[in-house]
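Structure first, commentary second.
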Amino acid sequence: MAERSGSESASIVTVGLAILSLTSSPAAGQATVEYTLTDQPAQDGGAGHWHVAIEARGLDAADGPLSFASDGWGWPRQWPYLEVLECEPPIADRSRDGSSLTLELPPEWDGTARVTYRVQLTARGSEEHRRFELVPSRGDGYAYGNSSNVLLRPNRAGEAIESTVTIEV
């Protein structure tokens with residue numbers, strides 16, 4: 001089997017995620033959520049990671065606390081699966097397992113939130129992958145994952161924010 005390059009792996013991820021992004025154009029006044037996922041294979045032969053950036057716009061400060069959450073299923077508890085790199089507004093609270101975070105909204109908040117994080121991939125067939133089969137993984141040039149435990153979704157008071165979702169890879 002031929003070895004695939006990182007750009008080919010990114011293309012494969014693009015196809016899978018493009019299917020998730022088939023939604024209509026946002027209506028006037030509707031919130032929008034844009035995801036950008038960048039596949040970053042490890043140069044040393046390791047599994048690498050995905051770099052995920054989320055931008056939510058058109059949110060109303062009067063709707064209360066803003067959280068980002070994942071189902072978190074399949075997440076291992078003893079190694080860092082998701083690492084938050086940047087967050088604006090800043091994080092006010094975070095779940096111990098990393099499956100959710102709540103932002104601290106300042107009084108002058110403009111309704112835009114940005115969260116950037118890294119999701120560690122496991123190597124398919126490794127002991128780690130055998131123990132946690134549902135976490136994102138890489139093998140034979142392909143990266144595998146599921147939006148339920150990769151993409152943090154914005155919500156208010158535990159309710160998903162109705163929005164148009166766009167995914168760029």
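Quick note: numbers below take in every heavy atom, side chains included, and nothing from hydrogens, waters or symmetry partners.
- Judged by distance alone, with hydrogens and angles left aside, the side-chain atoms of R94 form no donor-acceptor pair with the main-chain N or O of A92 at under 3.5 Å.
- S137 places a side-chain heavy atom less than 4.5 Å from the side chain of T122.
- At a threshold of 4.0 Å, the pair R114-E55 counts as salt-bridged, since one of the basic side-chain nitrogens sits closer than that to a carboxylate oxygen.
- Considering all non-hydrogen atoms of both residues, Y117 and I54 come closest at CE2-CD1, 3.6 Å.
- Contact of the L134 side chain with the N146 side chain is not registered, since no non-hydrogen atoms from C-beta on lie closer than 4.5 Å.
- If you take NE2 on H51 and CZ on R118, they are separated by 7.0 Å, rounding to the nearest 0.5 Å.
- To the nearest 0.5 angstrom, E104 atom CD is 10.5 Å from C87 atom SG.
- Y144 places no side-chain N or O within donor-acceptor distance of the main-chain N or O of R124, the cut-off being under 3.5 Å.
- Atoms CG and CH2, from L121 and W50 in turn, are 5.5 Å apart once rounded to the nearest 0.5 Å.
- Residues R138 and D39 are paired through a salt bridge, judged by an N-O separation under 4.0 Å between the basic side chain and the carboxylate.
- Residues A123 and A47 share a closest heavy-atom pair of N-CB, 3.6 Å.
- By the 4.5 Å heavy-atom criterion applied to side chains, T116 and V52 are not counted as neighbours.
- With rounding to the nearest 0.5 Å, the separation of CG in L82 from CG in L152 is 5.5 Å.
- Residues I91 and T102 fail the side-chain proximity criterion, which asks for heavy atoms closer than 4.5 Å.
- S70 contributes atom OG, which lies 8.0 Å from atom CG of L151 (distance to the nearest 0.5 angstrom).
- The CD1 atom of I161 sits 6.5 Å away from atom CG of N155, with the distance rounded to the nearest 0.5 Å.
- Looking only at side-chain heavy atoms (C-beta outward), F68 and S100 stay at 4.5 Å or farther from each other.
- Between E83 and H49 the shortest side-chain heavy-atom distance does not fall below 4.5 Å.
- Side-chain contact check for V84 versus L101: some heavy-atom pair is nearer than 4.5 Å.
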How far apart are the C-alpha atoms of T112 and L59, what are their side-chain angles, what is the distance that settles it, and do they pass the side-chain contact (heavy atoms from CB on, under 4.5 Å) test? CA-CA 7 Å; T112 299; L59 304 174; over 6 Å; no
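- More than 12 heavy-atom neighbours from other residues, nucleotides or ligands sit within 6.0 angstrom of CD on E127.
- Q120 contributes a side-chain N or O that, together with a main-chain N or O of G48, makes up a donor-acceptor pair within less than 3.5 Å.
- Using a distance-only test at 3.5 Å, with no hydrogens or angles considered, a donor-acceptor pair links the side chain of R156 to the main chain of G64.
- Here the side chains of Y35 and L37 are not in contact, with every heavy-atom distance at 4.5 Å or above.
- Between R131 and E128, none of the side-chain N atoms (NZ, or NE/NH1/NH2) sits under 4.0 Å from a carboxylate O, so this pair counts as no salt bridge.
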